[in-house]
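Bear in mind that the values here come from a model prediction, so they are computed numbers and not experimental data. Atoms within each ligand, like the ligands themselves, are counted from 1 in listed order. For this chain, numbers begin at 1 and follow the sequence in order.
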Amino acid sequence: MKPKSLFRELARIVGKEGVLWRPEDLMLYEYDALSSRRQPQAVAFPCTTEHVVQIVRLAARLALPVVARGAGTGLSGGSVATEGGILLGFSRMKQILEIDLENQRARVQPGVVNLDLSLAVADGGYYYAPDPSSQKACTIGGNVAENSGGPHTLAYGVTTNHVLGLVVVLPDGQVIHTGARHWDSPGYDLTGVFVGSEGTLGIVTEVIVRLCRKPEAVKTLLAIYDQVADATRTVAAITARGITPAALEMMDGFTLRAVEEATHAGYPMDCAAVLLIEMEGLSEAVEEHAEEAEAVCRENRAREVRRAKSSEERDLLWKGRKNAFGALGRISPSYYVQDGVIPRTRLPEMLEFIGGIEKKYGLHIGNIFHAGDGNLHPLILYDARDAEQSARVLQAAKEIIGRCVEMGGSITGEHGVGFEKTDLMPLIFSDDDLDLMRRIKSLFNPQGRFNPGKLLPTGKMCGELRVERAAGGVV
Ligand SMILES: Cc1cc2nc3c(=O)[nH]c(=O)nc-3n(C[C@H](O)[C@H](O)[C@H](O)COP(=O)(O)OP(=O)(O)OC[C@H]3O[C@@H](n4cnc5c(N)ncnc54)[C@H](O)[C@@H]3O)c2cc1C
């Protein structure tokens, strides 16, 4: 169908102001936070579940792919329309529909920005626990699709632990309700099936989330090290003592210096690594655990352990951590963020391995980890205009992920598979596992028109395509 005709069909559903179709408008929607591009044929901005149903039915009639898009902060290419079709933008579905503090839950549209939900319930003493570092921009719909985590995953779990129910539109326009408003719901856990399915099974149009009570006390420690290995050893030592911090983050010295220059958060410029450790809970317990954690840091040769003296100081430290990717973006034309998981006890070994990769491939790698849950984010700096360098980056990234798997970890901790890692899925799943996943997908999405080419291996990947992709080329 010609672009103008598709525009007319979509405008009948969502109004002219709710559709983009000119190439210059579509440019803004041709990529997410992974550097690769592909334009959809049109972007439609629904306001209601009914709009989504009608768009999905139109797409079925025209045999077009449908790709949902939240804020486009995804790091695995999930919301890129790699096979064209209609992109569903959720920026007009950003209402908090219901807040029920007494029962600790809220019902929201998928386009609600993660942080806005916490801000909306803050005065009542509540917050929404999953806190991706991108929380000022990313949406609850995107979080559900990616099963996102964040610095506080260590204590509170990931998105799936905070979603009670969903409204989902299936590829034939059928609307289903999963889960319930309370903890348990009989029957199969369909909510669990949709959370983390990366838009390949259905389009989420409403989410019932659990709200958490703000802790009585919070203490934030900054442990400063002259040796990276001492910082990584501390991570396992803290949890071995039976202390579970709410967050336990690590940044290496190279990253820290970039972060400090960008954010002036108060991080030291001359150390090898820091740990950002947060304790939450009842005042007495928090103080006791903070003292114990401080002692463990010192036993593991922390040069200094600082405590945030005010909520402003705490906010500043977190601002630095949560803007770390952007800070590295200031010193390099491009960077490739890896997202892998290993058992946290193997962090010292892994850091040494990454140091070896840096030397082997002649690249700079900044290390930012959700260290407490063994989730690594090595950021490989490079220049995407240089094809040879781009190829080296992909090889280095592949070795790092391969090592994660060998250590008993996984190919992704929170950024999802998207189309970036489909060909890595066989590293952690057997043919039978993947076959069952394909059968589940074909049950919900029989023609494969919802987010095609994502999550499951398609056999379409090839080395050439990957190089083009890393270079920001068109897939
Ligand atoms: C600086 C930075 C820091 C980050 N830090 C973290 C972090 O700490 N933890 C973490 O987990 N991630 C992190 N991310 C990755 C990203 O922010 C998360 O994956 C986030 O959940 C994506 O949300 P989004 O709204 O941007 O979704 P998008 O990128 O727009 O989409 C992501 C996926 O969700 C699907 N989708 C979106 N909306 C719907 C819907 N309504 N129904 C069905 N499918 C849908 C899309 O099709 C796509 O597959 C970070 C990214 C950046 C750029």
For atom 47 (O) of ligand 1, the option (of G89, A68, G70) bearing the nearest heavy atom: A68
Side-chain H-bond candidate by donor/acceptor type, Y336 with E420, under 3.5 Å: yes
Shortest heavy-atom approach to atom 25 (O) of ligand 1 - which of T139, V144, D131: T139
Flag for T200-N451: side-chain donor and acceptor within less than 3.5 Å: no
Closest to atom 23 (O) of ligand 1 among G413, A137, C138 (heavy-atom distance): C138
Side chain, backbone, both or neither: E146 near ligand 1, heavy atoms under 4.0 Å: side chain
G72 N/O to ligand 1 N/O under 3.5 Å: yes
Ligand 1 versus H370: contacting region, heavy-atom distance under 4.0 Å: side chain
Spacing of CG belonging to L376 relative to CG belonging to L351, to within rounding of 0.5 Å: 8.0 Å
Nearest non-hydrogen protein atom, atom 53 (C) of ligand 1: T73 O, 3.6 Å
Under 3.5 Å: N/O of A71 near N/O of ligand 1: yes
Options F325, F194, F90, Y29, ranked by nearest heavy atom to atom 1 (C) of ligand 1, top entry: F325
R69 with D32: basic N within carboxylate O range, under 4.0 Å: no
Exceeds 12 heavy-atom contacts within 6.0 angstrom, atom NZ of K319: no
Contact (N/O only, under 3.5 Å) between V204 and ligand 1: yes
Mutual orientation of the aromatic rings belonging to F444 and F194 [parallel < 30°, tilted 30-60°, perpendicular > 60°]: perpendicular
Under-4.0 Å heavy-atom contact with ligand 1, by part of D32 that carries it: neither
Structural part of H415 in contact with ligand 1, heavy atom criterion under 4.0 angstrom: side chain
Check: P151 N/O within less than 3.5 Å of ligand 1 N/O: no
